[in-house]
Every structure is written in C-alpha cells, then in structure tokens.
Amino acid sequence: MKLLRHGAPGAERPGLLDADGIIRDLSGTVPDLAGDVLSPEGLARLAALDPTTLPAVSPATRLGPPVAGTRNFIAIGLNYADHAAESGAPVPKEPIIFLKSLNSLAGPGDEVAIPPESRKLDWEVELAVIIGTTARRVPLDTALDHVAGYAVCNDVSEREWQMERGGQWTKGKSADGFGPLGPWLVTADEIPDPQDLAMWLEVDGQRRQDGSTRTMIFDVRTIVSYVSRFITLHPGDVITTGTPPGVGMGMKPATYLKPGQEVRLGIAGLGEQRQRMVAGD
C-alpha cells in the first residue's frame with residue numbers, strides 16, 4: 001500500500017493512493033497513520049479495504065508527512081562511502097546517529113524557507129524507514145519485522161551550522177521544514193529489498209545525485225537493530241539512512257541553495273518530492 005496524509009499543515013487526514021493513482025480518504029476508518037495502525041495487524045486491516053468504497057480526494061490537495069505520532073526523527077550520517085569521501089571524512093566503523101527536530105518534518109511539496117542567517121543550504125536525498133512496532137534492543141535477524149514501510153526524505157542541511165558552529169550536526173539539520181517526507185509511506189511488503197533502490201536528486205532540472213541504496217555502508221536491518229540499542233523506537237518514528245554523493249558541499253566549487261531554486265528528488269517505488277526554496281524570516 002501507499003499510505004499518505006492530506007490536508008493543511010497541522011490538520012492532515014489519513015489516506016491512501018489506490019491502484020489508479022486516486023487519493024482516497026481514510027479518516028472514516030482510522031484516526032491517523034499512527035500507533036497501532038502501523039502494526040502488521042493494523043496495516044492488514046487497511047489492506048483488506050476496498051479503496052473504491054472510500055471517498056476520493058482532489059489530486060490538488062496538499063500532502064503532509066505520511067506518518068503521525070512521531071516521537072523520534074533520527075538520521076544516520078556518512079552512510080555511503082563515496083559521500084564520506086566527498087565530505088573529506090573517514091568511513092565510519094559504526095553508524096553515526098544524530099537527531100533532527102520534529103519541527104523539521106514537512107510535506108513532500110512544501111516550500112523550504114531558508115533562514116535569514118543561512119549561508120550554506122544543502123540537499124540530501126535519503127531512504128527513510130518508518131517504524132511500525134516498538135523496537136528496543138532488537139536483534140539483527142528480526143529488525144525488519146519492526147518496519148512498517150519506507151519513504152523518500154530530503155535531509156535538508158545547513159552546512160555552516162552543521163560543520164562550523166561547534167560540530168553540532170543536529171543544529172544544522174533541524175530548522176522548520178528541513179525534513180520533507182513522503183509523498184507516501186510505502187508498506188514494507190511492496191519493497192522486498194530496501195538495499196536495491198535507485199535514488200536521485202535534481203536542482204533546477206540538473207541532476208546532482210544519482211545513486212542506489214546498494215552502496216550503503218550499514219544496511220537498513222543493521223541500522224534499525226543498532227539504533228534500537230540506544231534509543232527505543234516507537235510506531236511512527238522515522239530513521240533517515242544517509243545520502244549518496246552529489247551534495248552541494250562536495251561540488252567544486254561548493255554550491256548551495258538560494259531562494260527561487262527548485263529541488264526535485266525521488267527513490268524507485270517510493271515516489272517523488274519537489275520543493276521550492278524561499279527566503280525565510
């Protein structure tokens with residue numbers, strides 16, 4: 001299934017995308033895409049529905065983040081060897097964990113407001129993992145059982161704040177709107193191998209990133225198990241798993257986003273995002 005949330009910011013309602021590409025409203029069936037709804041049993045109940053019996057939603061409706069009830073928005077740094085190289089960093093021996101503020105969660109088509117103090121705004125297409133059941137110190141062989149599905153994430157990053165302001169990665173990753181997620185939560189049954197997904201990103205129509213989850217240093221199974229040793233994961237939590245090479249920081253000369261530019265990105269089977277950069281206040 002392709003699950004989504006539609007409506008104005010802060011007032012999104014649950015929905016799904018049917019086989020014909022029509023958005024269907026789920027608000028008469030479940031309160032939101034959160035909690036037990038994301039469990040295997042909850043997803044099975046949604047899968048058993050006949051989408052044609054659900055109200056259709058205008059295709060022009062705004063899409064929000066495709067999951068609710070998120071307690072932790074976790075990110076993995078330098079998880080592609082070639083991205084580590086372009087960043088001038090050694091390949092990590094263990095997953096690098098940092099947090100993004102929940103305020104950074106945004107819809108896949110929302111504008112990204114560039115803070116007035118920002119000088120080095122960058123892009124990062126990433127595979128996001130959506131947790132479906134509580135995971136606490138889970139072993140490697142059952143880690144994927146706790147995954148409800150996957151989504152596209154743009155880990156928007158302010159590099160000066162991240163790298164030059166005391167080494168606080170969270171600082172450069174957490175401004176409002178710095179975590180567009182979606183368009184959909186694609187349930188795990190539709191993604192048999194999360195380690196074989198093509199991913200790409202364009203800025204103003206020019207391809208900047210062109211990679212695959214095949215080149216992750218730590219795969220999804222390892223990441224979920226590893227993170228759960230340190231942070232209890234709850235239904236609706238999001239782990240975004242790193243980016244392939246091609247970020248603005250790695251270009252020669254380094255190139256960063258400005259108001260008026262447009263970023264488009266996608267992952268095979270998970271849909272596409274599009275964001276316009278605007279001047280923030």
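Keep in mind that what you see is a predicted model, and the values were worked out from it rather than measured.
- Every residue two or more places apart in sequence or in another chain that forms a ring pair (Phe, Tyr, Trp, His ring centres under 6.0 Å) with Y226 is listed here: F230.
- Residues Q195 and R214 fail the side-chain proximity criterion, which asks for heavy atoms closer than 4.5 Å.
- Following chains of ILVMFWY side-chain contacts shorter than 4.5 Å, one can reach I97 starting from M216, so the two form part of one hydrophobic cluster.
- In summary, the side chains of S157 and Q162 do not present any donor paired with an acceptor at a separation below 3.5 Å, with no hydrogens or angles considered.
- Judged purely by atom type and a 3.5 angstrom limit, E160 has no side-chain atom pairing as donor or acceptor with the backbone of R165.
- Ring geometry for F178 against W161 counts as parallel: the plane angle stays under 30°, on a 0 to 90° scale with 60° as the upper cut.
- D18 places a side-chain N or O within 3.5 Å of a backbone atom of D20 that can act as its donor or acceptor partner.
- Not a single donor-acceptor pair under 3.5 Å links the side chain of D122 to the backbone N or O of R159.
- Taking the charged nitrogens against the carboxylate oxygens, K171 and E117 have no contact shorter than 4.0 Å, which rules out a salt bridge.
- Here the NE2 atom belonging to H6 is positioned 7.5 Å from the CG atom belonging to L26, to the nearest 0.5 angstrom.
- Within the 4.5 Å cutoff, no side-chain heavy atoms of L78 are placed close to those of I217.
- Residues E124 and K173 are paired through a salt bridge, judged by an N-O separation under 4.0 Å between the basic side chain and the carboxylate.
- Using a 4.5 Å heavy-atom threshold, the side chains of K120 and M163 count as separate.
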Result block: side-chain N/O donor-acceptor pairs under 3.5 angstrom for residues 244-261, not counting sequence neighbours:
unit_1	atom_1	unit_2	atom_2	d
T255	OG1	P253	O	3.2
Q261	OE1	K258	N	2.8
Q261	NE2	D204	OD2	3.1

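- For R24 (side chain) and P55 (main-chain N/O), no donor-acceptor pair under 3.5 Å exists by modelled atom type.
- In this structure, Q209 contributes its side chain and T243 its backbone to no donor-acceptor pair below 3.5 Å.
- Looking at residues two or more places apart in sequence or on another chain, you find no side-chain contact (heavy atoms from CB on, under 4.5 Å) involving D281.
- Among pairs with a residue in residues 129-145, those fulfilling side chain to side chain donor-acceptor pair (under 3.5 Å) read T133-H146, at least two apart in sequence or across chains.
- Counting only heavy atoms from C-beta outward, the side chains of V112 and N154 never approach each other to under 4.5 Å.
- Atom CG of residue L16 and atom CG of residue L185 lie 11.5 Å apart, to the nearest 0.5 angstrom.
- Follow the hydrophobic side-chain contacts under 4.5 Å out from L49 and you never reach V186; the two are in separate clusters.
- I223 CD1 to I74 CD1: the interatomic distance, rounded to the nearest 0.5 Å, is 11.0 Å.
- Rounded to the nearest 0.5 Å, atoms CG (L265) and CH2 (W123) are 12.0 Å apart.
- Here the shortest heavy-atom pairing between I114 and M277 reads CD1-CB, 3.9 Å.
- Linking Ile, Leu, Val, Met, Phe, Trp and Tyr residues whenever their side-chain heavy atoms come within less than 4.5 Å places L17 and I191 in a single cluster.
- Listed here is the closest heavy atom pair of K100 and G179: CE-CA, 4.0 Å.
- Taking Ile, Leu, Val, Met, Phe, Trp and Tyr as hydrophobic and joining them when side-chain heavy atoms fall under 4.5 Å apart, one finds L140 isolated, its cluster having no other members.
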Requested in this report: Go through the steps for L105 and V67 under the test side chain to side chain contact (heavy atoms under 4.5 Å, CB included), then give the verdict.
Outcome: CA-CA 10 Å; L105 281 169; V67 66; over 6 Å; no
Report task. Give the intermediate values and the outcome of side chain to side chain contact (heavy atoms under 4.5 Å, CB included) for residues E41 and D36. Result -> CA-CA 8 Å; E41 297 77 16; D36 290 343; over 6 Å; no
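- Nearest heavy atom pair, residue I131 against residue L38, reads O-CD1, 3.9 Å.
- Residues Y80 and V129 share a hydrophobic cluster, clusters being chains of Ile/Leu/Val/Met/Phe/Trp/Tyr side chains in contact below 4.5 Å.
- Contact annotation: the side chain of P180 approaches that of V156 to within less than 4.5 Å [non-hydrogen atoms, C-beta and beyond].
- Remark: W200 pairs with no residue by the ring pair (Phe, Tyr, Trp, His ring centres under 6.0 Å) rule, at least two apart or across chains.
- Looking at I130 and V238, their side chains come closer than 4.5 Å, going by heavy atoms from C-beta outward.
- To the nearest 0.5 Å, atoms CG (L233) and CD1 (I239) are separated by 5.0 Å.
- You'll find the side chain of P66 reaches within 4.5 Å of the side chain of L181, heavy atoms only.
- For the pairing with I76, the side chain to side chain contact (heavy atoms under 4.5 Å, CB included) check across V227, I96, T240 returns one residue only, V227.
- The main-chain N or O of A188 is never found under 3.5 Å from a side-chain atom of E190 such that the two would form a donor-acceptor pair.
- Residues F98 and I231 fall into different hydrophobic clusters, defined by Ile, Leu, Val, Met, Phe, Trp and Tyr side chains chained together at heavy-atom separations under 4.5 Å.
- For the atom pair CG (L4) and CG (D25), the distance works out to 9.5 Å, reported to the nearest 0.5 Å.
- In this structure, V220 and Y150 have side chains that are in contact, with non-hydrogen atoms separated by less than 4.5 Å.
- Across all their heavy atoms, V138 and V224 have their closest contact at CG2-O, 4.4 Å.
- Distance alone, capped at 3.5 Å, is enough to place a donor-acceptor pair between the S104 side chain and the S101 backbone.
- When every heavy atom of A151 is checked against every heavy atom of G182, the shortest pair comes out as CB-N, 4.3 Å.
- A donor-acceptor distance shorter than 3.5 angstrom exists from the side chain of R5 to the backbone of P65, with no hydrogens or angles considered.
- At distances below 3.5 Å, not a single donor-acceptor pair connects side-chain atoms of Q275 with backbone N or O atoms of D110.
- Between the side chain of S228 and the main chain of S225, a donor-acceptor pair closer than 3.5 Å is present.
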Requested in this report: Please test E262 against R276 for salt bridge (Lys or Arg N to Asp or Glu O under 4.0 Å), starting from the C-alpha separation and ending with a verdict.
Outcome: CA-CA 4 Å; E262 182 180 82; R276 181 172 174 269; over 6 Å; no
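- The minimum heavy-atom distance between T70 and G236, with the atom names listed, is OG1-O, 2.7 Å.
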